[in-house]
Every structure is written in structure tokens, then in C-alpha cells.
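Report on the structure given below.
Chain naming here is simple, since letters A, B, ... match the order of the sequence lines and numbering starts at 1 in each.
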2 protein chains.
Amino acid sequence: MRKSIATVSLSGSLEEKLAAVAAARFDGVEIFDNDLVASDLDPAEIARRCADLGLTIDLFQPLRDIEGLPPEHMGGVLRRLHHKFAIMERLGVDLALACSSVRPDAVDDLDLVAEQLHAVGELAAEHGVRVAYEALAWGRHVDRVGDSWEAVRRADHPNVLLAVDSFHVLSRGDDAGAIADVPGSRIGFLQIADAPRLDMNVLSWSRHHRCFPGQGDLDVAGLVGAVVDAGYRGPLSLEVFSDVVRVADPRMNALDGMRSLLHLEEALRARRDAQRAAGEPVRAVVDLFDPPPVPDRVDAEFVEFAVSPDDHADDDPATSVTALLSALGFAHVATHATRAVQWWRNGDAHVCVTTQPVPGPSRPRPFVSALALRVAEVRDVATRAEALVWPSVAYRRGRFTAALPGVDTPSGLHVFLSGPEGADDDWRQGYPGTPEEHTHGDWLGIDHVGATVPAAMYPAEQSFYRSVFGLRGGVESEFMQPSGRLQSRPFRPESGGLRVVLAVSDAPEPPRVGQIAFACPDVAAAVAHARAAGVSFLPIPANYYDDLLARFDLDQELLAHLRAHDLMYDEDENGRMLHAYTPVMNGQFYLELLQRDDGYAGFGAPGTHVRLAAQARRA
Amino acid sequence: MRKSIATVSLSGSLEEKLAAVAAARFDGVEIFDNDLVASDLDPAEIARRCADLGLTIDLFQPLRDIEGLPPEHMGGVLRRLHHKFAIMERLGVDLALACSSVRPDAVDDLDLVAEQLHAVGELAAEHGVRVAYEALAWGRHVDRVGDSWEAVRRADHPNVLLAVDSFHVLSRGDDAGAIADVPGSRIGFLQIADAPRLDMNVLSWSRHHRCFPGQGDLDVAGLVGAVVDAGYRGPLSLEVFSDVVRVADPRMNALDGMRSLLHLEEALRARRDAQRAAGEPVRAVVDLFDPPPVPDRVDAEFVEFAVSPDDHADDDPATSVTALLSALGFAHVATHATRAVQWWRNGDAHVCVTTQPVPGPSRPRPFVSALALRVAEVRDVATRAEALVWPSVAYRRGRFTAALPGVDTPSGLHVFLSGPEGADDDWRQGYPGTPEEHTHGDWLGIDHVGATVPAAMYPAEQSFYRSVFGLRGGVESEFMQPSGRLQSRPFRPESGGLRVVLAVSDAPEPPRVGQIAFACPDVAAAVAHARAAGVSFLPIPANYYDDLLARFDLDQELLAHLRAHDLMYDEDENGRMLHAYTPVMNGQFYLELLQRDDGYAGFGAPGTHVRLAAQARRA
């Protein structure tokens, strides 16, 4: 289907917005009146600019307070609309969005609304334009889609249509059923936004928390599917505003919006397939995005550190990554056949260390430069990522015999795709030697990886894991840091061992920190071994153990054991976790060693504020 | 009265928090359990640190989920409390705050709650401590102060008292009446927070939007007055958390909190005076802050620019302040007798231009360095500012014969206090010459001054004008900038011409911009004159005038007049405003020339987004 986005959804000047919209391969654009009014370009120049960029102008928006008014005001309204319709003619757009009235003196009389909409339709017809009427969720009287449809029906004018906005419909608790009786030919426009479920005033909710479809909690796909089933064939058009999109880079944000629409189309396709399978009539006979599916399972394979050439294993583990790995019990089991990459291993925990140039913004080494994920369908996932307009899907960092595609996340982490062990596209193919020669250690693997990303990239970073790999977001947690809050959210695949935790900090100048957590069979032994080899762990305050004693009925022996190794502790309904942290290294990353017993499923959240305070003390 | 603050109200490590609390001259502190648990200092060391700083520990908080639980859980609760009470003993604090249960399995049975509170009281007595029980506004069952009081009453234990938290009480719609029956001796602790009225989930409201008393919309003084009337003689203790205080500098923030309590005491004193005057019984016989009152009226007198020594009036008005003033029709009417300050004047608009060093953070010149306000009671207002712990109340920048006290706002603007014309402390006393020699031009004066301040300073900057001068905040507006939102709020005195507009921007790296708006008798003439003399004004796009035509029924002559002079236009129910802007100069300030006709009272808000976009284009 055609795809559009409202200029109000992006930051920047109108020229920057239009360029970003075109670069993200949208077909069209909604022109926000404020953007036009503030622009140096006159309407005809805007029209030319859009045409040059290959964009159609699908909508002019919004017209406000045009109906439900005391009759003596209608003369003024029509005078105002005459001017706006004239601007639309210069802009070359034939459809305007009109919002239901919010004026305090608006009249609660749907017949009056219909009569006035009819008058607006007459004027619109004279100008050769149409008006799509939308029930704002906070409209003075018309605030549900059912009311706005009834007004449009009674207005009974070919130039007065219904506008459906997923946020306005779903935020009021309506669903697809609310438009079941509306013929598709009477739906003039479909605006799309999602939002997290928040218990707050709907106007503030809309202004500050709208997000792209799939990033929130509303059943956007269900409503959009119903609109398409009804016969609507206009564009899918994003209208999203939030504190985040107002500051995000417009190009990144437009791409994020495009991906969300592609992802939405995929959901519509799945919905259609389900209808077909159930023998139901399929009415949405439209062209829908059809990429390879998300992988069946996703596991973490290795992390890569970019280090400087003078990183040596016999240096200080506080500054050298290879020295740290060595002290942790990793061994350098192989060196890449053609590239300056070392493979370090401890059991199923794999770390690659490179002195090669790596893509992404330049940062002081060492830092976490890449994450490799194992999927059975490497090519399909790469194709999927490419189809979703994720950048840098390339074999440019391909290794020896294995051609490893990789994708950059919005915040700049490179994500490699590797096939399973022994497959042609297994990353190990790049390393000479036999499996026996590569074997070392008894760690269980990478338990989770975490990343603290800039606030403006947080939604897009989530979209990446969700759209490419089908990861699902868990509950968002909020922690107090010594300065500012830290919000974090875990992501897991439906099947597979990958755990990704994305976080955003509102500290002044928040660091971009990466976390790598390794699962150990015996974390105390691992810590003791590493400490003997010179690794520093984060000192845990005595007060923490007093608090543990209050919270859990721990025996003195276990408590002494935790204290002795600076281990933190948590329990859930299944089991327990023991874990230890390194300080933040080079201001960019830290490691966690952990031991999950009996199916503990969390991340040690009750101790997070203690860890954050201890890391801040050591910073 | 004694004053305390909870460590949770401040950012930083526990050590930093305690130092900030002491520096702001609080008497005591509430220790937040999380701060203790995360601290390297053990409880005895924290107690010593507090004692060394002259702080008492007034409260340990919070204890959670200690009542209303299925009886089989009480053993675990008492075990947990035993550990926490032991920590309180080491901390040397004898009072703990306990919040009402939020557990999903909490039981809705006030007799059970009371019975369990009684058991807690027994254990507390064994440890020599007491527990103050608070109804969280989002408690599972006990969520109103009436419920918590009833539970405490039925618990009937000397070691179980009621805690009153102004946010929890007022956010649920209760007021002072809700505690009318509670004897003061049974109120163990009083926590104080205000909040803006927001229509949202009360837990999120509390977490993100609490503020110091006087910064929000709740009747905190009424409730606190009632608690004091009831006989409560414990500390007034601030417990405030918000997105802002978590990132604000703890020293600035603690001072801001102290000022808010002093301001609150002033309101309590006014309340007591009113009771006395009405012949009502006065029960709050306590020591209350008693500074000189706010001034009767406040007017803007002059603004000061700090310029570099090579700022010459015959230079380019785009870079030289004196050249700009000259081109605008200001004349250099006098030079300060002892300091390198020029007095420039156009009618009642006064500008001082200094090449002297000025206090505050170093910034590239030119910038707006000071604002002078006229009050009849200069010494009293200076004394008031000093009593409110505002920094830098000093005569250090005193002039010739007039000793002008000044106060720095949190964001660093210096505010001079001047007496009326001809008074001993009139700022003009510093300038040789006669009133006749000083006369020039016909402008009407400084209409308003604006400042965009860092987000973490926005509440404190508001407190400054409110607490020292008694200014009242108007409605907060929100504007979209090309990048990020701009929120702004006007402040006016009860009497006098001063208008201050404070703004905060969530653009990445928001500029600290000052705005000076001058009122002109004929703004078009002023703009034409200035333009002829080489001043650039912000070009206003043609689309803006098309929109004006749609919004207002302007005649073509007026519209042509506005276009010709790049004037913006707005109307309100009384009159209209015509205004023009300079581009932002030196990234730090811009001027507005305006003409208010027939009592127009606004600031041209409908055009603000156009101005912001135009300024961004010129930046």
C-alpha cells in the first residue's frame, strides 16, 4: 500500500522534513499547516519541492473548529476556510483533515454539526477539494469515531468524508467494531499512530507519547486491517508526535517510521493469511510487504571488542581487554585466517577481539563493537533486514570462508548474523583449526547483552530487535541513578537464548555503555579465579548485605560467601541469581558474571541502584 | 520550625546529598533506605557524618508492605523489620516511615491492618523506635489519610503514629478537613511536597512531577497549617521526587527546597495573622520565618549588556550592541561616574552597556548580563532575598552614590534592585548630569524580558521571581521548535509593569537565550527607522500573512503594512499587538519591538512557532 507521513511527525525545517521523508522512500506526505505557515517556501514552491522529491501531497492538516459552533460563527468559519482552501489549491492537494471542535462554546447537537459540515462541503466543492472529518479523542462533544461517522453520514455531502486516526479511535477504548458500518468509499484518510498504555489525560498522552505502530500497546493492526477490509485504498499515513520524535534526527526517525509501516503491513498480511486459512472472505486484496519471516530462534553467539594494537594479554586487566579475558579464564583459541581478529573462548562464551577498523562512529578503544547472533536462516534474515530498510546490510565485514552479513543498530552497534555451528555461514569457518583445538573452559555462554542508548534513539533501537528478529519487549523498569533515572527494557525472542536489555538514561550527558553478562557454572569460583589473576570487581557495600538479610531469610554461610566474593543476590518465584560486576571500563562497557539457579528469570533489578551507585563511585 | 529534607529528594551520592542539605542550613534529614543500602558508609558512619554536619536524622524511610497481609506472612515481615530496626539503632534514628501495602495480595480489612500494626508497634518498642504509618495515594486498600488514621487509632499502640504527606493527602482530593480529628500528639511526621495539577495516574504523577511547596497547585499551606494547629511540632520535611530533581545539582536543589519551606512558613504566618485578626483561636504558637514582605509593586527599570571593549557605536549593528542601540534610536545619555558603564536611552527604555567584569559564568560577549527592577523598598527586598538564602545579595556592584544590591538568579542573570527616580537608591544617582540632559526618544519602556534556562534550573528560576518579588505564574504554554519543544510561562507582579517570561527547551543542547522586548508607540515607524540605519529584522514568511488573513478579518491595507515591515500580529479579546524581532545575536539574545493597542495582554503566542523557525533558519 502507499505510505505517507505527516510533517508534524519529524523535527527540522520543512525542507529537512521533506528530504527525510523522500530518503525513507515514503510515497507521500501530509503537510502540517504550522509547517507551511512557518516556511519560507510558498505553497507552489512546496508543491514543486515535493514533486521533485517524488512525493505526493496526500493531505493538508488540520482545519480546526469548523463545526458544532453557534450558527452566527459560521460566516467567519467559511471565510477562514475559503483562504485555507485557496492555499490547498496552490499546494495542489485536494484533501484536508478537519478535527472535531474543541471550543468551549461548541454546541452538543449532531444535526447542527452535520448541517455545518454540509456547508463546509459545499465550499470545498467550489474549490475542488474534500474534507475528512476526524473525532479528536478530546473533542468538546464529538470525541468518538462513531459520532464523527454519524455526523459525516448525516452531512451527506460527497466532499465530506470520514478520517480515521488509530490513536483517536483506540485511545478511547473503541476498536475495529466501531467502524464496522462505514463503507470504505466514505473513509477519506487513515492516520496511524500507536502509544504505550498510560493512565493519563488523553490530550497529554497524545502529545507526548504517540509512537510508531508496533512500538506501543494499541491494536493498530486490527483497526488498520478493518479499514482496509472496508475498502479503503488511500495511503497508510503516520501521524506521530512525542517528546522523542521532536528531538530525534528526522532522517533516522523517518526511516524508523517507514520500518514500522512495513512491519504493520506484514501483520496485515498475516491477518489476511489467517482469514484465508479460516475460509473467511478476504477483502483486503492489496499489495502488502512480504519479506522473509523472523527467524525461528535467535541465540547470542559472540561479542566483539574493538581494541587498540597495543592491547596485550600480559597487561593490566583494568585497561587491556585481552588481559581481562585471560584473567577471566578465556583462552585465545584461534586467530582469523585473513583479518586481525582473535577468537577468545571460555566454554560456550565466545569473544572476538579486533584491531581492525570497524564501522560506526569513532570511539576510544576498547569498546564493544559488535554482537553476533545465531540464526538458522542467515540469508533470509539479512534479506529481511534489507527489506526493512535497515542500513549497512552487507558482507563488507565477511570473514575467511564465512560471509557474515551485518546490520548496524541505530545507536551504532554492529550485529553480525551467523549460521549454526558447522554450517557454511558459521562464523567459525573463518578460523583455522579443529573444534578440539578451539575448545577451552566451562562457562555457559553469553547470558545477556545490554546497551544504554541516547534517548532519541531508544525507540528506533527497540524497533531494530523487534522488526528484524521478532524479539518481544518485556516490562520497562525504572531505576534511580545517583544522577537521573535509568529506564530499561528486556527483549527476548519467542525461542532461543538471546536476551537484550536496552536502556536510556536521563543523566546529563548519559554515557553510551555496553554490558556483557556471562553465565558461569559457579560464579564464586569464577570471581575468585579472576580476582587472583588481577581482575577488579565492583566492591559491594556492607549495607547491601544487611539489606539482603532483611529481605531474604539467607543463612549466615551463604551471606558470608556472597560478602567474600562481592556477589549480589536476588530471588524470584523459581530460583535465585548470584552475580558480580566489573567497574565500567574506559567509560564504555562493563562485564557481569552470573549464575542462574533453578530457572531464575530476572536481571537482579532490586540491586540495580546499588550497582549504579557503586559504578558511579568508581567512575 | 525545624526543617528537614529526604535524601531521595536530591541527586548525587549520599555524601554529596548530606553536604548539600547541611549547606542549605536544614536542621535534619530523612535517610532513604536505598541511599543507605547503596552507600559505602555503614549506619554508624552515616550517623557520625550527619552529626559532624550539624544534622539530626529525623526519619528512616520507607518500610514497605508491613501490614494488611495474609497472617501467615507476618512472621516474615517482623523478621525483616527486626533487621531494619537494628539498622535504625545503629543509625541513631528512632522514627521510621511505613507506607501502606501495595502488594496485590493485601487484604482489605482495617481491623487486620490495625492488629498487624500493633504487632509492629510491639517489636518497635523492643528496639526503642516508633513507626509513622502513611497512606500511599496508590495503596492497595489503605489509600486515604482517613483510612490510615483509623488504622493507627485502632492499632492503639504508643509506638505507632500517623504520617501525613501533603502529596498523598491532597492528590486524592482530601484537604485539611481529613485530619481534623487527629490529635497532634499522634502525628509522628509531616512530609511536604507540592505538585502541578495533572490529570494522570497518581503513582506516575508522584514519581515524576512532585515539586517543592509553592511550585505546584496544591493547597500545601492549608494542610500544613492544620497539622501545626493540631499540635504537631516535628520538622517540616520535604520529600520531593521528579525528573528534574533527579538531575539537578544537589546544592542548588537543596537551597531551592529550603527557600520553599521558608516561603511556606511565611504563608503559615500570614494564615496565623489572619486567624488573629478574625479573633479565631491561634493554636500554631511556633517560631515562623518572618522576613520583610514582597514589594508592593515591581517594574522593569533597565537591562544591562556586557560587551567587549571594542564594541563601538559606528560598527555593524548585527554584532555591536551600541551600534544596534544607536540604530534603534537610543542615545548614549550619560556615562557612569566611576565605572565603565554607558547609559543608553530611548524614552522610558533604558539600557546599560558595560565593559566591566560581571559576575556569573564566563560567556562570549555581548550578552544580557543584568536586569534592574524598581521597587520602593530596596533594602527590605534585599533583606528578604538574603533571608530566603538567595546568593550574592551584596553591594559589590554598587554605583557612584547609589548602592545597588543585586541577586543572581539560579541561571546566572544578575538582578539589580533600584529605588524610584530621585530616591537615594535610584540607579540614576550614579550618572552625572541633569534629568534634562538624560532625556531622549519616545519609546515606552521595557515591555518584558524573557530567558530560556536549563531544564534543571527551571523550577529554581521560577522560585526566584516568586519568592523574592511575589510574582505570580501564568499558564504554561508549549511550542514546537524545529527541534524539540519550548515550554514557557509568564510571571507578573500583583502590581507594577514587570513581565518576565521563563522558558525551557528540550532541544539538544538548548541555548541560554535572553529576550528583551521594548514597547514602542509606533512599531512600524521604529522598525522602518532602525532598518534604514542598518538593523536586520527577522524576515517573516509570506505564508504567515496568508494565515493571518485566514485567521483574522484584516483589511488589505493593514496586511500590506505588516508585510512591508515584517511585523507579526495577534489579537485578544481586548486589543491587538504588532511586533518584530531581531535574529538571535551572538547565539545569546534577541530583541523584540512591539506595540500593544487597546490593552492586548498576551505575548503573540500564535506566531511563536513562526518566530522560532525563522530564528532557526538564521542561526
Side-chain angles (χ1 to χ4, degrees), chain A residues 8 11-14 16 33-43 76 79-84 86-87 198-201 203-205 207-208 241 243 246-247 250 456 478 480-485 506-508 539 541-544 546-547 549-551 553 609-614 616-617, chain B residues 8 11-14 16 33-43 76 79-84 86-87 198-201 203-205 207-208 241 243 246-247 250 456 478 480-485 506-508 539 541-544 546-547 549-551 553 609-614 616-617:
Chain A
V8 70
S11 69
S13 68
L14 181 59
E16 289 164 340
D33 192 13
N34 275 23
D35 281 326
L36 181 142
V37 168
S39 174
D40 264 350
L41 301 178
D42 73 29
R79 193 191 57 73
R80 173 158 55 89
L81 290 182
H82 163 73
H83 287 291
K84 291 294 177 187
I87 288 165
L198 294 171
D199 175 12
M200 65 188 297
N201 170 283
L203 173 56
S204 298
W205 186 20
R207 270 197 193 151
H208 300 296
F241 9 89
D243 300 351
R246 290 301 308 170
V247 298
E478 190 173 300
M480 284 193 209
Q481 305 176 106
S483 181
R485 289 172 305 140
D506 65 359
N543 296 343
Y544 171 77
D546 290 342
D547 183 58
L549 193 58
R551 287 193 291 131
D553 208 3
H609 74 100
V610 177
R611 190 254 302 166
L612 290 166
R617 274 196 293 274
Chain B
V8 70
S11 70
S13 68
L14 182 59
E16 290 164 339
D33 192 14
N34 275 24
D35 281 325
L36 181 142
V37 167
S39 174
D40 264 350
L41 302 178
D42 75 26
R79 194 192 54 73
R80 172 158 57 89
L81 290 181
H82 163 73
H83 288 290
K84 291 293 176 187
I87 287 165
L198 294 172
D199 174 13
M200 64 187 298
N201 170 282
L203 173 56
S204 298
W205 186 20
R207 268 196 194 152
H208 301 295
F241 9 88
D243 300 349
R246 292 299 308 169
V247 297
E478 191 173 300
M480 285 193 207
Q481 304 175 106
S483 181
R485 288 173 306 138
D506 65 0
N543 296 343
Y544 171 77
D546 290 340
D547 184 57
L549 193 58
R551 287 193 291 130
D553 207 3
H609 73 99
V610 177
R611 192 253 303 166
L612 290 165
R617 274 197 293 273

Original post:
For the candidates A:Asp243, A:Leu81, A:Leu14, which exhibits the highest count of non-hydrogen atom pairs separated by less than 4.5 Å from chain B?
Top reply: A:Asp243
Original post:
Between A:Leu203, A:Asp547, A:Asp33, which has the largest tally of heavy atom pairs under 4.5 Å with chain B?
Top reply: A:Asp547
Original post:
So which of A:His82, A:Gln481, A:Arg551, A:His83 has the biggest tally of heavy-atom pairs under 4.5 Å with chain B?
Top reply: A:His83
Original post:
What part of A:Leu36 gets closer than 4.5 Å to chain B, counting heavy atoms only: side chain, backbone, both or neither?
Top reply: both
Subject >> chain B contacts, top residue of A:Val37, A:Asp42, A:Val247 (heavy-atom pairs, under 4.5 Å) >> reply: A:Val37
Original post:
With a 4.5 Å heavy-atom cut-off, do A:Arg79 and B:Asp553 have their side chains touching?
Top reply: yes
**OP:** Could you look at B:Leu549 and say if it's the side chain, the backbone, both or neither that has a heavy atom under 4.5 Å from chain A?
**Re:** both
**OP:** Please state whether the side chain, the backbone, both or neither of A:Pro250 comes within less than 4.5 Å of a heavy atom of chain B.
**Re:** neither
Original post:
B:Asp40 and A:Arg617: side-chain contact (heavy atoms from CB on, under 4.5 Å), yes or no, with the steps?
Top reply: CA-CA 9 Å; B:Asp40 264 350; A:Arg617 274 196 293 274; 3.1 Å; yes
**OP:** Among the options A:Arg207, A:Arg246, A:Arg80, pick out the one with the most heavy-atom pairs lying under 4.5 Å from chain B.
**Re:** A:Arg246
Original post:
Given the options A:Ser13, A:Ala616, A:Pro541, which has more heavy-atom pairs under 4.5 Å with chain B than any of the others?
Top reply: A:Pro541
Subject >> Residue, of B:Gly12, B:Ala507, B:Ala86, B:Ser11, that accumulates the most heavy atom pairs under 4.5 Å with chain A >> reply: B:Gly12
Original post:
Using non-hydrogen atoms only, which part of A:Arg611 is less than 4.5 Å away from chain B: side chain, backbone, both, or neither?
Top reply: neither
Original post:
If you round to the nearest 0.5 Å, how far is CG of B:Asp199 from CG of A:Asp199?
Top reply: 8.5 Å
Subject >> Residue pair B:Glu478 / A:His208, side-chain heavy-atom distance below 4.5 Å >> reply: yes
Subject >> Part of A:Ala613 lying under 4.5 Å from any heavy atom of chain B >> reply: side chain
Subject >> Atom of A:Ala38, atom of B:Val610 and distance for their closest heavy-atom approach >> reply: CB-CA, 4.0 Å
Original post:
Between A:Asp546 and B:Lys84, is there a salt bridge with N-O shorter than 4.0 Å?
Top reply: no
Subject >> Region of B:Pro43 that comes under 4.5 Å of a non-hydrogen atom in chain A >> reply: both
Original post:
Between A:Leu41 and chain B, which part of the residue has a heavy atom less than 4.5 Å away: side chain, backbone, both or neither?
Top reply: backbone
